[in-house]
**Student:** 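What follows is a structure written as structure tokens; I'll ask about it next.
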Amino acid sequence: MDLVDIEKLFEESLKELKFNFDPQEYGKVIFSGDGIARVVGLEGVMSSELVEFENGISGIAFNLEAENVGILVMGESSSVGEGVIVRRTGRVADIGVGEEFLGRVVDPLGNPIDGLGPINVVERRLIEIKAPGIVKRRPVHQPLQTGIKAIDSMTPIGRGQRELIIGDKKTGKTAIAIDTIINQKDQDVICIYVAIGQKRSSVAQIVERLKMYDALKYTVIVAATASDPAPMQFIAPYAGCSIGEYFMWKGKHALIVYDDLSKHAQAYRAVSLLMRRPPGREAYPGDVFYLHSRLLERAAKLSEKEGGGSLTALPIIETLAGDVSAYIPTNVISITDGQIYLETDLFNAGVRPAVNVGLSVSRVGGAAQTKAMKKVAGTLRLDLAQYREKLAFAQFGSDLDKVTLRQLERGKRIVEILKQDQYKPLKMELQVVVLFAVTRGYLDDVPVDKCKDIEREIILSFSGENKDLADAIKNIGDLTSEIENRLDVAIKKIVGDYLANLKNTEK
């Protein structure tokens with residue numbers, strides 16, 4: 001073989017040789033710090049696309065600028081230095097979803113952080129996804145029981161609703177959310193708890209509580225703790241929502257708790273300022289309203305044609321000195337279908353849950369209540385409002401007529417009955433019985449300090465010897481005249497026996 005033949009053979013070999021390297025698929029870090037990186041060379045990168053640094057850390061394309069790309073670093077940004085090579089994945093940010101995640105604690109990228117081994121991911125969903133359209137929805141009509149008397153009776157939550165829990169620090173916001181999750185046991189509702197910017201010890205405590213009450217098996221916990229970088233806290237609620245949507249589109253019912261969206265807004269403000277996005281009011285970027293609206297709009301009750309599933313959202317907002325008119329609280333109030341307002345003064349006075357009935361509202365209202373609950377709760381809000389009004393006047397004088405005195409006495413008993421211990425949610429039918437007893441005046445002769453004792457007696461009776469009557473309320477969902485007559489006899493007997501025993505004990 002002469003030199004010409006060798007040259008031809010070499011040329012043909014070069015033609016057949018294929019290079020997979022695309023110079024646009026790779027970039028180089030020119031700046032890194034505080035959870036962000038600026039990269040040059042990723043000309044074809046998409047918005048929210050996942051990228052990978054050469055040390056294995058993931059990132060999400062956040063700012064697409066003419067000179068460079070702003071990347072949110074999903075990990076320790078100190079390990080991403082200048083000159084590090086970045087690779088496009090061609091995949092928009094997504095998370096693993098499915099039944100395999102139940103009972104697990106994961107980070108916002110779907111990686112398990114509970115030490116129980118890897119999760120077998122079968123399906124993935126985009127983290128940012130468009131909310132279901134109007135045609136695919138139907139009005140909220142099924143109740144989602146929280147197990148808390150003060151909420152289920154006066155600010156009911158429906159499946160597919162977005163009900164805000166708002167209040168100052170340490171007023172019991174998370175307690176309401178956790179009790180609601182515990183109450184979903186045997187209710188065929190999958191729960192997702194998203195912890196944003198919380199202490200790791202607090203998240204560990206919540207995991208233990210849910211395990212203790214056998215609620216972890218139907219719950220997924222998505223945690224972006226205070227020690228995690230701001231980008232992780234920013235994507236956490238969207239990741240949790242995607243997990244919830246998986247169940248919703250399967251025709252199931254899901255409940256998601258965002259704890260809390262104040263810290264989420266702060267994380268978004270941090271990354272936006274680092275990316276040099278123009279600041280607005282309180283240094284939040286101009287699209288901070290869209291930040292939460294696009295998240296909360298994903299909660300829905302789907303039409304029967306779409307499977308009839310639902311995703312109920314319980315966002316939590318922390319206020320400062322009870323200021324509900326601050327920027328983030330007003331934004332979220334305007335997006336949600338009502339709010340449960342927790343008051344520091346009530347909490348300190350021993351009223352727990354510290355729900356302010358006057359400022360709390362559910363815009364779905366009676367549509368998310370059974371007929372039985374509507375009948376007993378109808379007079380409850382009115383009785384409580386009259387009590388608060390009369391209480392203000394009673395402070396100025398002692399000469400009160402009998403009607404006013406009766407309203408004051410009944411109001412005291414209603415306030416006492418609405419108090420509820422944490423981790424002790426109550427079934428709907430038992431709530432109806434207890435509220436029936438107090439609103440219809442059966443407890444008017446019971447001393448105020450003994451109201452909790454008589455409540456326990458009623459619950460014990462209707463969980464035991466009168467269980468058939470409680471089951472009838474549960475199955476029918478209404479207070480028929482026959483059920484009311486039977487309730488009348490049963491409650492009179494319980495109260496009569498209790499007062500007789502109390503009299504004998506005092507003797």
Side-chain angles (χ1 to χ4, degrees), residues 143-158 161 163-168 170-184 255 257 312 314 316-317 319 322 324 336-366 368-370 372-389 391 410-440 443 448 451-452 454-456 458-459:
L144 184 129
Q145 304 289 344
T146 64
I148 300 165
K149 290 167 289 188
I151 294 170
D152 289 344
S153 58
M154 292 179 284
T155 51
I157 300 168
Q161 192 178 340
E163 183 80 3
L164 173 65
I165 301 171
I166 186 167
D168 280 9
K170 299 285 179 192
T171 49
K173 301 183 296 297
T174 303
I176 285 177
I178 298 303
D179 280 0
T180 305
I181 291 173
I182 292 169
N183 196 53
Q184 301 318 305
L255 165 73
V257 176
T312 310
L314 291 182
I316 295 175
I317 287 284
T319 54
V324 290
T336 48
D337 307 313
Q339 68 274 346
I340 296 161
Y341 179 65
L342 303 178
E343 202 170 21
T344 310
D345 291 346
L346 284 173
F347 186 87
N348 294 337
V351 178
R352 295 171 193 178
V355 179
N356 180 316
V357 180
L359 292 177
S360 300
V361 65
S362 172
R363 295 189 188 104
V364 170
Q369 273 181 321
T370 58
M373 185 60 87
K374 267 190 221 176
K375 283 183 179 175
V376 294
T379 59
L380 185 66
R381 190 181 273 273
L382 186 66
D383 288 346
L384 211 51
Q386 286 177 338
Y387 167 67
R388 300 276 183 218
E389 188 186 354
L391 195 63
R410 186 169 295 179
K412 286 177 189 172
R413 284 154 182 79
I414 290 171
V415 168
E416 204 62 33
I417 287 293
L418 287 178
K419 290 178 184 177
Q420 197 166 336
D421 293 336
Q422 198 178 343
Y423 311 123
K424 289 186 181 174
L426 208 56
K427 290 176 183 173
M428 181 275 292
E429 58 273 21
L430 295 176
Q431 288 187 44
V432 168
V433 172
V434 170
L435 295 174
F436 179 87
V438 71
T439 54
R440 302 292 171 95
L443 308 188
V448 177
C451 279
K452 296 308 284 181
I454 194 74
E455 183 190 4
R456 274 192 291 274
I458 292 168
I459 290 168

**Student:** What closest approach, in Å, do T379 and V376 show between heavy atoms, and which atom pair accounts for it?
**Tutor:**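 In terms of heavy atoms, the two residues are closest at OG1-O, 3.7 Å.
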
**Student:** I'd like to know if the side chain of Q369 and the backbone of P143 have a donor-acceptor N/O pair within less than 3.5 Å.
**Tutor:**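 Pair absent, no side-chain N/O of Q369 close to backbone of P143.
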
**Student:** So which atom in Q184 and which in L255 form the shortest heavy-atom distance, rounded to 0.1 Å?
**Tutor:**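 Looking at all heavy atoms of both residues, the closest pair is CG-CD2, 4.3 Å.
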
**Student:** Can you measure from CD1 (I454) to CD1 (I459) and round to the nearest 0.5 angstrom?
**Tutor:**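 Going from CD1 on I454 over to CD1 on I459, the span is 11.0 Å.
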
**Student:** If you define the side chain from C-beta out and look only at heavy atoms, does anything of R410 sit under 4.5 Å from Y387?
**Tutor:**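 R410 does not reach Y387 side chain to side chain.
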
**Student:** Give the table of side-chain donor-acceptor pairs shorter than 3.5 Å for residues 424-437, with sequence neighbours excluded, one pair per line with atom names and distance.
**Tutor:**
from	atom 1	to	atom 2	distance (Å)
Q431	NE2	D152	OD2	2.9
Q431	NE2	L426	O	2.9

**Student:** Any non-hydrogen side-chain atom of T146 less than 4.5 Å from a side-chain atom of D179?
**Tutor:**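 SC-SC contact between T146 and D179 ruled out.
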
**Student:** Taking side-chain contact (heavy atoms from CB on, under 4.5 Å) as the test, write out the residues that go with A175, two or more places apart.
**Tutor:**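 Partners of A175 under the side-chain contact (heavy atoms from CB on, under 4.5 Å) test: Q422.
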
**Student:** Just how far is it from atom CD1 of I317 to atom CD1 of I165, taken to the nearest 0.5 Å?
**Tutor:**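 Interatomic distance, I317 CD1 to I165 CD1, rounded to 0.5 Å: 11.0 Å.
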
**Student:** Taking NZ, NE, NH1 and NH2 as the nitrogens, is one of them in R413 or E416 under 4.0 Å from a carboxylate oxygen of the other?
**Tutor:**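 Salt bridge between R413 and E416, a charged N being under 4.0 Å from a carboxylate O: no.
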
**Student:** First locate atom NZ of K452, then atom CD of Q420, and finally report the distance between them rounded to the nearest 0.5 Å.
**Tutor:**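 Rounded to the nearest 0.5 Å, the NZ-CD separation comes to 7.0 Å.
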
**Student:** Taking atom OG1 of T312 and atom CD of E163, what is their separation to the nearest 0.5 Å?
**Tutor:**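 If I round to the nearest 0.5 Å, the distance is 10.5 Å.
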
**Student:** Under 4.5 Å between any side-chain heavy atoms of L384 and L418, yes or no?
**Tutor:**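 Yes; the side chains approach each other to less than 4.5 Å.
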
**Student:** If you define the side chain from C-beta out and look only at heavy atoms, does anything of I182 sit under 4.5 Å from Y423?
**Tutor:**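 A side-chain contact under 4.5 Å exists here.
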
**Student:** Without placing hydrogens or testing angles, list every side-chain donor-acceptor pair under 3.5 Å for residues 353-365, not counting sequence neighbours.
**Tutor:**
from	atom 1	to	atom 2	distance (Å)
N356	OD1	G358	N	2.9
N356	OD1	L359	N	3.0
N356	ND2	E343	OE1	3.1
S360	OG	Y341	N	2.8
S360	OG	N356	O	2.7
S362	OG	P156	O	2.7
S362	OG	Q161	NE2	3.1
S362	OG	G365	N	3.4
R363	NH1	T336	O	2.6

**Student:** Within a strict 4.5 Å, meaning less than it, do heavy atoms of the L314 and I176 side chains meet?
**Tutor:**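 Not touching, per the 4.5 Å side-chain cut-off.
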
**Student:** CE/M373 to CG/L380 distance, rounded to the nearest 0.5 angstrom?
**Tutor:**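 These two atoms lie 9.5 Å from each other.
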
**Student:** Could you go through the side chain to side chain contact (heavy atoms under 4.5 Å, CB included) check for L342 and R352 one step at a time?
**Tutor:** CA-CA 9 Å; L342 303 178; R352 295 171 193 178; over 6 Å; no

**Student:** When rounded to the nearest 0.5 angstrom, what distance separates OG1 in T370 from NZ in K375?
**Tutor:**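 That separation rounds to 10.5 Å.
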
